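Just so you know, these numbers come straight off a predicted model, no measurement behind them.
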Amino acid sequence: MSRNLVKVTGVLAAMVLLGGCAAGTHPGAAAQVGNTEISVTDVEDTARAVSAALGQPFTPEVALNNLVNSALVKQIADQRSITITDAEVAEGMKSAVSDPAVYDKFAKDPVANSFLRDFAVAGIGTIKLGGGTGIRDPKAQQAQQAGLTIVKDASKNITIDIAPRFGKWTDAGLDTKVSGSLSTLSDQTKASSKPADPNADPNAQDPNAQDPNQPAPEPQG
């Protein structure tokens with residue numbers, strides 16, 4: 001099978017999860033993004049489901065990085081009245097995972113499917129925040145880069161708390177003190193350059209390395 005993973009938005013390789021919660025998180029919470037709480041169970045279930053769909057490890061840290069990015073982009077997009085249609089999301093999901101067999105695995109697993117959907121929404125949302133019309137916009141990559149800057153600036157006004165066991169959130173993403181790279185969904189996505197979070201355009205990097213300091217990628221049509 002050809003590489004169907006692309007660097008998503010990243011985070012690091014598996015780390016031993018030790019106890020403890022950040023001051024802003026509740027027991028059992030992996031992260032708090034504004035008014036959105038992401039539980040440790042959400043992170044672990046997502047890591048397992050996406051690993052199974054991709055056929056390669058997708059660590060809890062990578063999963064959390066993407067879940068936080070998706071929640072962050074959604075809140076910023078909502079604040080700015082950015083709308084994304086179901087048709088756009090469906091196209092973004094298929095763009096992020098170009099291998100039909102792998103896409104089918106995502107579609108059949110509710111958790112993996114929900115992750116991929118949020119990943120696509122975050123990618124499209126980032127493009128639209130940057131002034132683009134969506135993944136088919138000829139200037140989607142430039143719009144995504146502009147959107148990443150907007151997300152980074154706007155995130156300064158949104159409280160993001162991460163449970164210490166996972167690391168801490170920085171402007172660039174989850175900092176886990178472990179280096180590596182992160183891989184994720186689609187060759188198509190990989191053809192782009194750096195990401196912002198879930199979908200695929202500006203994300204070009206070695207799909208076998210895990211990098212914690214990147215937002216989610218965007219899907220490209």
Side-chain angles (χ1 to χ4, degrees), residues 7-12 21-26 29-40 42-43 46 60-84 89 92 96 114-115 117-132 134-135 140-178 182 184 189 192-203 205 210-219:
K7 149 179 209 155
V8 126
T9 235
V11 82
L12 285 133
C21 290
T25 60
H26 301 116
Q32 184 77 31
V33 184
N35 57 8
T36 299
E37 182 175 287
I38 299 169
S39 72
V40 172
D42 291 334
V43 173
T46 296
E61 291 76 19
V62 176
L64 179 58
N65 192 88
N66 282 278
L67 292 172
V68 170
N69 185 76
S70 292
L72 188 59
V73 174
K74 182 179 186 306
Q75 289 182 38
I76 295 170
D78 286 347
Q79 291 170 0
R80 303 189 180 209
S81 300
I82 297 294
T83 59
I84 300 172
V89 174
S114 178
F115 170 84
R117 180 181 180 81
D118 288 345
F119 181 75
V121 169
I124 297 166
T126 302
I127 291 172
K128 290 192 172 186
L129 283 168
I135 61 175
Q141 187 169 343
Q142 296 95 307
Q144 184 186 40
Q145 291 302 318
L148 287 178
T149 298
I150 289 172
V151 171
K152 180 178 177 180
D153 291 341
S155 68
K156 295 175 183 177
N157 298 315
I158 296 176
T159 300
I160 303 174
D161 290 311
I162 305 294
R165 64 182 79 175
F166 291 104
K168 70 176 183 177
W169 191 262
T170 67
D171 286 342
L174 187 64
D175 181 357
T176 59
K177 299 177 184 175
V178 175
L182 109 61
T184 177
T189 305
S192 348
S193 198
K194 276 189 180 180
D197 49 213
N199 307 333
D201 208 342
N203 266 345
Q205 255 188 7
Q210 296 217 17
D211 185 347
N213 303 317
Q214 292 203 31
E218 319 290 326

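Between Gly34 and Gln75 the shortest heavy-atom distance is CA-OE1, 3.7 Å. The minimum heavy-atom distance linking Ala143 with Ile127 is given by the pair CB-O, 3.5 Å. Residues Ile135 and Ala140 come closest through the heavy atom pair O-CB, 4.1 Å. Here the shortest heavy-atom pairing between Asn69 and Ala122 reads ND2-CB, 4.1 Å. Among all heavy-atom pairs drawn from Ala120 and Val89, the shortest one is CB-O, 4.0 Å. Shown here for Leu174 and Glu61, the closest heavy-atom pair between the two residues is CD2-O, 3.6 Å.
With Ser70 contributing its side chain and Leu67 its backbone, the two residues share no donor-acceptor pair below 3.5 Å. Side-chain N or O atoms of Asp161 include none that pairs as donor or acceptor with a backbone N or O of Gln32 at under 3.5 Å.
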message = Please determine whether side-chain contact (heavy atoms from CB on, under 4.5 Å) holds for the pair Val33 and Trp169, giving the CA-CA distance in whole Å, both sets of side-chain angles, and the decisive distance to 0.1 Å.
response = CA-CA 10 Å; Val33 184; Trp169 191 262; over 6 Å; no
side-chain contact (heavy atoms from CB on, under 4.5 Å) between Ile162 and Leu64, worked out = CA-CA 9 Å; Ile162 305 294; Leu64 179 58; 4.1 Å; yes
task = May I have the step-by-step check of side-chain contact (heavy atoms from CB on, under 4.5 Å) for Lys74 and Val121, ending in yes or no?
result = CA-CA 8 Å; Lys74 182 179 186 306; Val121 169; 5.6 Å; no
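Side-chain atoms of Ile76 and Ile158, non-hydrogen and from C-beta on, do get closer than 4.5 Å to each other.
With rounding to the nearest 0.5 Å, the separation of CG in Leu129 from CD1 in Ile124 is 12.0 Å.
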